[in-house]
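A short write-up of the structure that comes next.
One-based numbering along the sequence shown.
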Amino acid sequence: MAALRRKFGEDYQVVNTNRPTSFSAPVKKKRQRFVDKNGRCNVQHGNLGGETSRYLSDLFTTLVDLKWRWNLLIFILTYTIAWLVMASMWWIIAYIRGDLNHGHEQSYTPCVANVYNFPSAFLFFIETEATIGYGHRYITEKCPEGIILFLFQSLLGSIVDAFLIGCMFIKMSQPKKRAETLMFSQDAVISQRDGKLCLMFRVGNLRNSHMVSAQIRCKLIKSRQTPEGEFLPLDQCELDVGFGTGADQLFLVSPLTICHEINPKSPFFDLSKRSLMNEQFEIVVILEGIVETTGMTCQARTSYTEDEVLWGHRFLPVMSLEEGFFRVDYSQFHSTFEVPTPPYSVKEHAEKNSLPSPMSTPTPALTEGHGSRRDRVFSVDCISTEEERGHQGVAGGRLPSKLQRMSSSGKEDLQRKVLLLSSQHSEKACSTGDLPLKLQRLSSSSGPEAENRLQLKSLKVGFEPMTQSTGDLYQHSLAPTPAPAPAPMHSPLLSGAGRLEDKLPAKLRKMNADR
């Protein structure tokens, strides 16, 4: 087995062929993050060349940025080396003056009293540097070189103390650990809020001390290619979390849900539930604020990859009202539950709403057909109404004789014939009564010019909708003049010399003969 693993790699697995095997979808390999969940950026700078000297020019910041183990090592080595060097200088002065050989003589005045060897010189330097002053070792007035070295030691010790102690103080007072008590939800969710599709995540503060002027920002890290063909690796795009409305300014005393509305300006405008499985992006969240206790600016960071974005989920509520206060249950801080959410993107939804519906928008041909059909049905109703009036003796003598004969054949027969004519595609005048009034007035005039105009007008009858009926003829035939006795209206086609029906086109004469 070990030989097989060496040959095929660590992914080699033994498959039992005696029982059926189930094949599952390959697990998506976890890709490298740009920013870890704890906020650390996975970026290393290499091949600096001659740019390394820039770090030495800003030595203080370089020491502060180092890790704690390197800071402690530099702190210990600096003081140890400084002490050894200064102790050696005191020992060299005593050696040159011969204090090491004559130090025990009562009549001899050394440079430093009671310094006989290197350990005693080292103890003298420590007592002087730490200002302990036991009183057993001291500088005498007959050693000018010792006085000069003492002044140099005091100045150098002050500089080293200020540099290293200040570096350690800044290192310890950095608000990085304050960011440990700022929580971000483990996952981000996409669901609807106020009728709009939104990307949401949760932020919380574990301490009772507030974050003053807390502000949150979001960056989308995604590689893309420009229309000119330029490839931009890890391109950064801003996500709007309420910059225009002030929603990015947080009052972080309880957990808050940060919302990014997906609209045409959002980079997630064309993101759907299916495309989310094939996308590769990372959302970097940056929370900044001033620590209330120290007054220093603190920044907390985290990130969400495409695998950590849950479609159709919502966060569980964590706030509850107790007796006299509000309680936050942080055990449900990362919990979510599923909610009904459309699986398509906002772009697809907008395109779907912009398309006209075939059921709600009828075609012009159908509209025209329905309108003409309604006109024709209305004509039938008018015929029925006028027929009833004719039976009552109101307009029996005022209708043309041909229409009177048609109306006498019965209501049902007339309706059936008119409906049969209305079903034809070309709308033409089918009888003399159905001719337009304009044609009737032309036919009532005499002379050869009127006959020619009558023939021309009769040719255009087929292009006009058949909206005239017996009821319309009756209404138009009533004379509005206050005559004592209405004169009988003559039939337009029967007035004049001879039968004007013979002068109509052959197609109209054939239709009249059929009627």
Side-chain angles (χ1 to χ4, degrees), residues 44-46 48-178 291 293-297:
Q44 293 184 0
H45 303 282
L48 296 177
E51 304 298 331
T52 311
S53 59
R54 296 176 180 267
Y55 291 96
L56 298 178
S57 62
D58 189 11
L59 185 59
F60 184 81
T61 306
T62 303
L63 292 177
V64 172
D65 290 340
L66 290 177
K67 295 183 179 180
W68 270 106
R69 54 179 176 266
W70 298 110
N71 273 277
L72 293 176
L73 179 62
I74 292 174
F75 186 85
I76 294 172
L77 288 178
T78 301
Y79 275 105
T80 303
I81 293 173
W83 292 344
L84 292 175
V85 171
M86 295 305 299
S88 301
M89 295 180 69
W90 286 110
W91 181 81
I92 291 172
I93 291 176
Y95 177 78
I96 294 175
R97 289 175 57 90
D99 296 343
L100 301 179
N101 299 326
H102 305 281
H104 296 282
E105 297 178 4
Q106 295 295 331
S107 61
Y108 183 76
T109 303
C111 180
V112 180
N114 300 319
V115 173
Y116 311 112
N117 48 23
F118 182 79
S120 59
F122 184 78
L123 289 175
F124 170 74
F125 169 76
I126 294 298
E127 292 174 9
T128 306
E129 180 67 23
T131 64
I132 297 175
Y134 292 115
H136 183 64
R137 298 177 180 88
Y138 55 90
I139 301 176
T140 62
E141 67 278 3
K142 294 183 178 181
C143 184
E145 61 271 16
I147 297 174
I148 296 174
L149 182 59
F150 177 76
L151 295 176
F152 177 75
Q153 172 187 327
S154 300
L155 293 176
L156 182 62
S158 300
I159 294 174
V160 173
D161 290 343
F163 190 82
L164 292 181
I165 295 176
C167 179
M168 296 297 292
F169 176 77
I170 295 297
K171 184 76 174 176
M172 289 186 295
S173 62
Q174 276 187 330
K176 288 185 178 180
K177 294 302 178 182
R178 179 63 176 90
V291 182
T293 54
T294 62
M296 303 184 69
T297 303

Gap between atom [atom2] of [Y] and atom [atom1] of [X] - 0.5 Å precision:
X    : Y    : atom1 : atom2 : result
L149 : F152 : CG    : CZ    : 8.0 Å
W91  : N117 : CH2   : CG    : 10.0 Å
L63  : I74  : CG    : CD1   : 5.0 Å
I76  : L164 : CD1   : CG    : 11.0 Å
S173 : M168 : OG    : CE    : 11.0 Å

Would one find more than 12 heavy atoms of other residues, nucleotides or ligands at under 6.0 Å from atom OH of Y138?
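Counting neighbours around OH of Y138, 12 or fewer heavy atoms of other residues, nucleotides or ligands fall under 6.0 Å, so no.
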Give a yes or no on this: more than 12 heavy atoms of other residues, nucleotides or ligands lie within 6.0 Å of atom CZ of F60.
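More than 12 within 6.0 Å, yes.
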Determine the minimum heavy-atom distance between [X] and [Y], stating which atoms define it.
X    : Y    : value
R178 : V291 : CG-CG2, 3.8 Å
F122 : L84  : CE1-CD2, 4.0 Å
I139 : G146 : CD1-O, 4.1 Å
V112 : V115 : CG1-CG2, 3.2 Å
N114 : R137 : O-NE, 3.3 Å
C143 : R97  : SG-CD, 4.3 Å

Going by atom types alone, do D65 and T62 pair a side-chain donor with an acceptor below 3.5 Å?
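No.
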Stepwise side-chain contact (heavy atoms from CB on, under 4.5 Å) check, S88 with V85
CA-CA 5 Å; S88 301; V85 171; 5.8 Å; no
Would you say the side-chain atoms of [X] pair up with the backbone N or O of [Y], donor to acceptor, closer than 3.5 Å?
X    : Y    : result
S57  : R54  : yes
N71  : L66  : yes
D99  : P110 : no
T140 : C111 : yes

Mind checking whether [X] and [Y] have side chains closer than 4.5 Å, heavy atoms only?
X    : Y    : value
T128 : M86  : no
Y79  : D161 : yes
L59  : F163 : yes

Among F118, F124, F125, exactly one meets ring pair (Phe, Tyr, Trp, His ring centres under 6.0 Å) together with W90. Which residue is that?
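Considering F118, F124, F125, a ring pair (Phe, Tyr, Trp, His ring centres under 6.0 Å) with W90 is found only for F124.
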